[in-house]
Amino acid sequence: MRVAVFASGSGSNFEAIAKSDELRNLGLEIELLVCDQPQAHVLKRAEKYHIPVFVNRLADYPDRNDYEQAIVDKLKTLKIEYVLLAGYMKVVTKTLLGAYPNRIINIHPSLLPKFSGLEAIERAFAAGDEVTGVTIHYIDEGVDTGPVIKQCKVVRLRNDTEANLEARIHQTEHQMYRQVILDLLNKNNEVAK
Ligand code: GAR
């Protein structure tokens, strides 16, 4: 299964996927990292795993359609089958969605539909929610919306700081993303039999 991972920042989710021998052995091929931030730490992680990168800035295009079309052209050249968003902080619009219908997966650090958008962990913590979590879903044209694949709860402990809670949410994300991809690989491998 040929995938591209999209990320804008640190890339801990990207690395959790890239370092998994289990996923690779089941047929996961990360052909490309797409990144919209030339200074993002995720680029260093890609180098470590020898994964090619496509750094593509919205500001370098006349509009969002041209920006996404450049990405689609690259993905099609590499015969990418699935797109995995892993901290990609841009809204995805028709151009990309039309090229990959039901094949773009996103991870978000809250129990959607609560706290969609930016700074989800901070907002859940500030709201004092006792239970928050992580959602993995297929995307549609909204912000962090679309059919849910998997949701897991993360409980806020009595003495939790925001940093502790965030660390546990990230741990949960890494396990969940690997599991969702594993399920997808198993499903695809079944169909191919
Ligand atoms: C993750 O918590 C991910 O769920 C979130 O960005 C973080 C990226 O962390 N995504 C969104 O908020 C999408 N709306 P990472 O760069 O360490 O993987």
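Just so you know, ligand 1 is whichever comes first in the structure, and atom 1 is the first atom listed for that ligand. Here the structure is a predicted model, which is why all the values come from computation and not from measurement. Side chains included, hydrogens not; waters and symmetry mates left out as well; all remaining heavy atoms used.
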Colleague: Starting from atom 3 (C) of ligand 1, what is the nearest protein heavy atom, named by residue and atom, and what distance separates them?
Modeller: Glu173 OE2, 3.3 Å
Colleague: Would you mind running through ligand 1 and noting each atom that sits below 4.0 Å from a heavy atom of Asp144?
Modeller: 13 (C), 14 (N)
Colleague: Hey, does Ala7 sit under 4.0 Å from ligand 1 if you only count heavy atoms?
Modeller: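 Heavy atoms of Ala7 never come under 4.0 Å of ligand 1.
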Colleague: Taking the side chain as every heavy atom from C-beta outward, state whether Val5 and Ile51 have any atom pair closer than 4.5 Å.
Modeller: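 No - every pair of side-chain heavy atoms lies 4.5 Å or more apart.
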Colleague: Distance to 0.1 Å, residue and atom name: give those for the protein heavy atom nearest to atom 16 (O) of ligand 1.
Modeller: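 Of the protein heavy atoms, Gly11 N, 2.7 Å lies nearest.
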Colleague: Starting from atom 6 (O) of ligand 1, what is the nearest protein heavy atom, named by residue and atom, and what distance separates them?
Modeller: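 So the nearest neighbour among protein heavy atoms is Met89 CE, 3.3 Å.
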Colleague: Return the CD1 to CZ distance between Ile71 and Phe6, rounded to the nearest 0.5 Å.
Modeller: 5.0 Å
Colleague: What residue and heavy atom of the protein are closest to atom 17 (O) of ligand 1, and at what distance?
Modeller: Ser12 OG, 2.6 Å
Colleague: Note the single closest protein heavy atom to atom 13 (C) of ligand 1, along with its residue, its atom name and the distance in Å.
Modeller: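 Checked against all protein heavy atoms, atom 13 (C) of ligand 1 sits closest to His108 ND1, 3.5 Å.
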Colleague: Consider ligand 1: state whether an atom of it lies below 4.0 angstrom from any non-hydrogen atom of Glu15.
Modeller: no
Colleague: Under 3.5 Å between some N or O of ligand 1 and some N or O of Asn106?
Modeller: no
Colleague: Could you measure the distance from the CE atom of Met1 to the CD1 atom of Ile80? Nearest 0.5 Å is fine.
Modeller: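 Separation between the atoms: 10.5 Å.
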Colleague: Please determine if Lys150 forms a cation-pi arrangement with Tyr177, meaning its NZ or CZ atom is less than 6.0 Å from the six-membered ring centre and no more than 45° off the ring axis.
Modeller: no
Colleague: Please verify whether a non-hydrogen atom of His41 lies at under 4.0 Å from ligand 1.
Modeller: no
Colleague: Which residue supplies the protein heavy atom nearest to atom 5 (C) of ligand 1, what is that atom called, and how far is it?
Modeller: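 The closest heavy atom on the protein side is Pro109 CD, 3.7 Å.
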Colleague: Rounded to the nearest 0.5 Å, what separation is found between the NZ atom of Lys79 and the CZ atom of Arg2?
Modeller: 7.5 Å
Colleague: Kindly indicate, with the supporting measurements, whether the criterion side chain to side chain donor-acceptor pair (under 3.5 Å) is fulfilled by Asp73 and Gln69.
Modeller: CA-CA 6 Å; Asp73 291 347; Gln69 191 57 53; 2.9 Å; yes
Colleague: Pick from Val92, Asp63, Leu97, Leu58: which one makes a side chain to side chain contact (heavy atoms under 4.5 Å, CB included) with Glu68?
Modeller: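 Single pass found, and it is Val92.
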Colleague: Under 3.5 Å, side chain of Ser8 to main-chain N/O of Met89, donor-acceptor pair present?
Modeller: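 The answer is yes, because a donor-acceptor pair under 3.5 Å joins these two groups.
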Colleague: Could you check atom 10 (N) of ligand 1 against the protein and tell me its nearest heavy-atom contact, residue, atom and distance included?
Modeller: Ile107 O, 3.5 Å
Colleague: As an exercise, state the distance from NZ of Lys74 to CG of Asn56, rounded to the nearest 0.5 Å.
Modeller: 10.0 Å
Colleague: Can you sort out which atoms of ligand 1 are near Ser10, meaning under 4.0 Å from one of its heavy atoms?
Modeller: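 Counting atoms of ligand 1 from 1, those under 4.0 Å from Ser10 are 16 (O), 17 (O).
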Colleague: Given Pro52, which of Leu32, Leu33, Ile30 fulfils the side chain to side chain contact (heavy atoms under 4.5 Å, CB included) condition?
Modeller: Leu32
Colleague: Could you identify the single nearest non-hydrogen protein atom to atom 8 (C) of ligand 1 and state the distance to 0.1 Å?
Modeller: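 Residue, atom and distance for the closest contact: Gly87 CA, 3.6 Å.
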Colleague: Please work out, at 4.0 Å between heavy atoms, whether the side chain, the backbone, both, or neither of Leu118 comes within that distance of ligand 1.
Modeller: neither
